[in-house]
Protein chains: 2
Amino acid sequence: MKFTVLREELLKNLQIASRAIAAKNPIPVLANFKLVMNEKGLTILSSNNELSIVTRVPMVIQGKTILSDIEEGGTLVNAKLFTDIARKVEGESLTVELFDGTVVHVSDGRSTYKLNSVKVEEYPELDVDAAGVRLDIASKVLKKVVEQTAFAASTKEQRPIMTAVNLDVGEGKLVATATDSARLSRKEVVIDSPVKFTANVPAKTLVDVVGLLDNEDQVTLSTTDKRITFEFGTTMLISRLVGGEYPNTANIIPKTTNFALVANAKELMAALERVALLSVERENVIKFTLSETSVEVSSKSAQVGSASEALTHFSFNGDKFEISFNAGYLMEAIRAADAEDVKIGFLGEMRPFVIKNDKDDSLVQLATPVRTY
Amino acid sequence: MKFTVLREELLKNLQIASRAIAAKNPIPVLANFKLVMNEKGLTILSSNNELSIVTRVPMVIQGKTILSDIEEGGTLVNAKLFTDIARKVEGESLTVELFDGTVVHVSDGRSTYKLNSVKVEEYPELDVDAAGVRLDIASKVLKKVVEQTAFAASTKEQRPIMTAVNLDVGEGKLVATATDSARLSRKEVVIDSPVKFTANVPAKTLVDVVGLLDNEDQVTLSTTDKRITFEFGTTMLISRLVGGEYPNTANIIPKTTNFALVANAKELMAALERVALLSVERENVIKFTLSETSVEVSSKSAQVGSASEALTHFSFNGDKFEISFNAGYLMEAIRAADAEDVKIGFLGEMRPFVIKNDKDDSLVQLATPVRTY
């Protein structure tokens, strides 16, 4: 195996493939990239068993030669080291050559690295074909869906299904739902496709995917009941799905609420941040005291003291009412709502409340109040 | 106690005083600032037992009223909380008032905080008078001295004396020396003063002091045999000195060296950073292979491979010669030398070598080679 490659293009693809390299991996061989050089270009493969990435440096991009002086073949190289080298050397192009099947020489003409390598055959066979139902979706739509839902998934592994975002596609729409059982986020977008599927995708996978979509207009999802594939440009991500039934959340979301607070999102956010300074004992518990004439945001700690602030821009259509909640959850919900005015609908002191963008019904969020004494 | 203060001036002083607030302090009362309001202004005092800070918000700065509506008195307030509040509120001024000697109300007119407070009498009596021999020094001179030496002090507590920078003042010069026993840095500057003293100042204290010198032209040091005081503007830092005799380092620094490498600092630095990528087993060991016609920087790891690079800008006046060393130490020394061309003088393969700015003799650094097999 041998090739000379424009360093910038190589580095771009190594950084993409690095997303599937785990910091600590129980399978040592997966600390490597699998490099395969053939007439299609240089393919870089990485995997952490849950997520695999295949990305290709093409021979030519828009008439510009990217790869030259090639000999077909393959090898494994330490992913972190190879990426660090490609980042730190100064030359415009890098020559990579496998010697005796055991040492990879990497040089930019100035520095020379000789990396002990592992035979390409030692890499596990990964099933990296796109299979199953296919759906094309605009990158910016998928990005928004992920930004507005993935944060609400659980980061704890006790109930693996809660670490997923449930994608439910059918009847011309995609509904994404994430919940960690104390709060929920549900986004609905119209899609121009007759396909139908449901998939529980690890929230982390979705965040990785949208983090890589900077230069691509469109992404193609393919899913079977075991895995999902995302294709864009010359890159493909393959992720396992989370097994098990996603909780039925449709009935949790109230159709109507009894009273609603409409508040300026920026002002409310700043007030929550300030008042949260004093909620040190029970992490982040904050109280709303609501009436038609005033909205007070407050917190109290037996140890350090109390804080309160009155909102100046709001409307509230109900009787005097108090509710306590986790400030962090409400702040994340307000951020996701991406609204000038946020609308918070209440059913009662101990009932989940609904957070929305006052001008957009595509996103519905739910948070559970906290009992205070 | 009561005052209304321009928030910006308060915050500036709280941030200064925060440097002496430890994240975890075995003495709970030291998590507080001591606030004292009197006719001189608002004095803020903090301490972690090793380092104490006294800083004052004056009544007036250049004709501008900073403090108004005052009632004399004092209290303790939680340092982190009070600083966070002063940072996060939005008002231009902040009113602080002590009620019943137990609750401090803080308000910018919009948000109100009621902080449980501790009586000012509970704060330990700290001796914060400047005493002993005095030396005035330009801030930028002290800054340079600290930047070029403090990093070489030890961060390990096994031998406390090595965590200090030795300041030796006399005969119209200040000599600062720091060493962790594997490397040493020694800076000499001329001072316009007949005073004479020697003091082992915690390196951390010096870094804190110069971090606060942004707007001050001059700083006054005062030292007894137990402590050192730094005064600038309306701020004073008081630090204990490290007890014990500083090692005699004068004889360690070679007067002459047998051969010297002069290299472009930038090129050498970049080469060290790249080649260090491959020194993964013995942390950061790198080898120079020197001759009059070539300088090779290389590293080798049985596990991952090897790296090498030839310098293009250098001169070396000696026989072929190899030496191995800790790349991190040499990189820090090159950075401290602040030179276009760095000069590295050698005595032999296993003898400490000398690193200098080729055009400046005020800084001498020493590093110990590493044995390789």
Side-chain angles (χ1 to χ4, degrees), chain A residues 28 31-32 76-91 99 102-118 266-267 269-281 296-313, chain B residues 28 31-32 76-91 99 102-118 266-267 269-281 296-313:
Chain A
N32 293 293
L76 306 190
V77 284
N78 182 287
K80 186 175 176 318
L81 212 50
F82 192 53
T83 308
D84 282 347
I85 291 168
R87 186 182 297 117
K88 288 216 174 169
V89 295
E90 290 175 1
F99 283 88
T102 58
V103 183
V104 176
H105 288 208
V106 182
S107 179
D108 69 337
R110 174 178 192 134
S111 329
T112 304
Y113 300 85
K114 298 177 184 174
L115 305 179
N116 299 339
S117 72
V118 181
K266 216 165 149 182
E267 187 193 21
M269 196 75 164
L272 290 167
E273 275 173 16
R274 283 191 286 266
V275 170
L277 288 175
L278 268 283
S279 58
V280 293
E281 275 139 51
E296 191 201 11
V297 184
S298 65
S299 71
K300 205 181 175 104
S301 140
Q303 193 190 323
V304 296
S306 62
S308 73
E309 183 163 339
L311 297 188
T312 55
H313 293 85
Chain B
N32 293 293
L76 307 190
V77 284
N78 181 286
K80 187 176 176 316
L81 213 48
F82 193 54
T83 308
D84 282 347
I85 291 169
R87 186 182 298 117
K88 288 216 174 171
V89 294
E90 290 175 359
F99 283 88
T102 56
V103 183
V104 176
H105 289 208
V106 182
S107 179
D108 69 337
R110 174 180 191 132
S111 328
T112 304
Y113 300 84
K114 297 178 184 172
L115 305 180
N116 300 338
S117 73
V118 181
K266 215 165 150 183
E267 187 193 23
M269 196 74 163
L272 289 168
E273 276 174 15
R274 282 192 286 266
V275 171
L277 288 175
L278 268 282
S279 59
V280 293
E281 274 138 52
E296 191 200 13
V297 184
S298 65
S299 71
K300 204 179 174 103
S301 140
Q303 192 191 324
V304 296
S306 62
S308 73
E309 183 162 339
L311 298 188
T312 54
H313 292 85

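Below, chain A is the first sequence line, B the second, and so on; all start at residue 1.
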- prompt: Quick one: of B/Val77, B/Leu81, B/Asn78, who has the most non-hydrogen atom pairs under 4.5 Å with chain A?
  reply: B/Leu81
task: Please determine, among B/Gly305, B/Ala307, B/Ser117, B/Ser306, the option with the most heavy-atom pairs under 4.5 Å with chain A.
output: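 If we count pairs closer than 4.5 Å to chain A, B/Ser306 comes out on top.
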query: Which bit of A/Ala270 is near chain B, if near means a heavy-atom gap under 4.5 Å: side chain, backbone, both or neither?
result: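 For A/Ala270, the side chain is the part near chain B, not the backbone.
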Partners meeting side chain to side chain contact (heavy atoms under 4.5 Å, CB included) with B/Lys88 (sequence neighbours left out): A/Glu273, A/Arg274, A/Leu277
message: My understanding is that only residues two or more places apart in sequence, or in another chain, count here; which of them pass side chain to side chain contact (heavy atoms under 4.5 Å, CB included) with A/Ala31?
response: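 For A/Ala31 there are no side chain to side chain contact (heavy atoms under 4.5 Å, CB included) partners, ignoring immediate neighbours.
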- request: Tell me, for B/Gln303 versus chain A, whether the close heavy atoms (under 4.5 Å) come from the side chain, the backbone, both or neither.
  value: backbone
- prompt: Which answer fits B/Val89, side chain, backbone, both or neither, if we ask what part of it has an atom under 4.5 Å from a heavy atom of chain A?
  reply: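 Contact with chain A is through both the backbone and side chain of B/Val89.
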field: For B/Ser301, side chain to side chain donor-acceptor pair (under 3.5 Å) partners two or more places apart
entry: B/Glu281
- request: Spell out the residues in residues 106-116 of chain A that have some non-hydrogen atom less than 4.5 Å away from a non-hydrogen atom of chain B, in order of number; otherwise answer 'none'.
  value: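 At a heavy-atom separation under 4.5 Å, chain B is reached by A/Arg110, A/Ser111, A/Thr112, A/Tyr113, A/Lys114, A/Leu115, A/Asn116.
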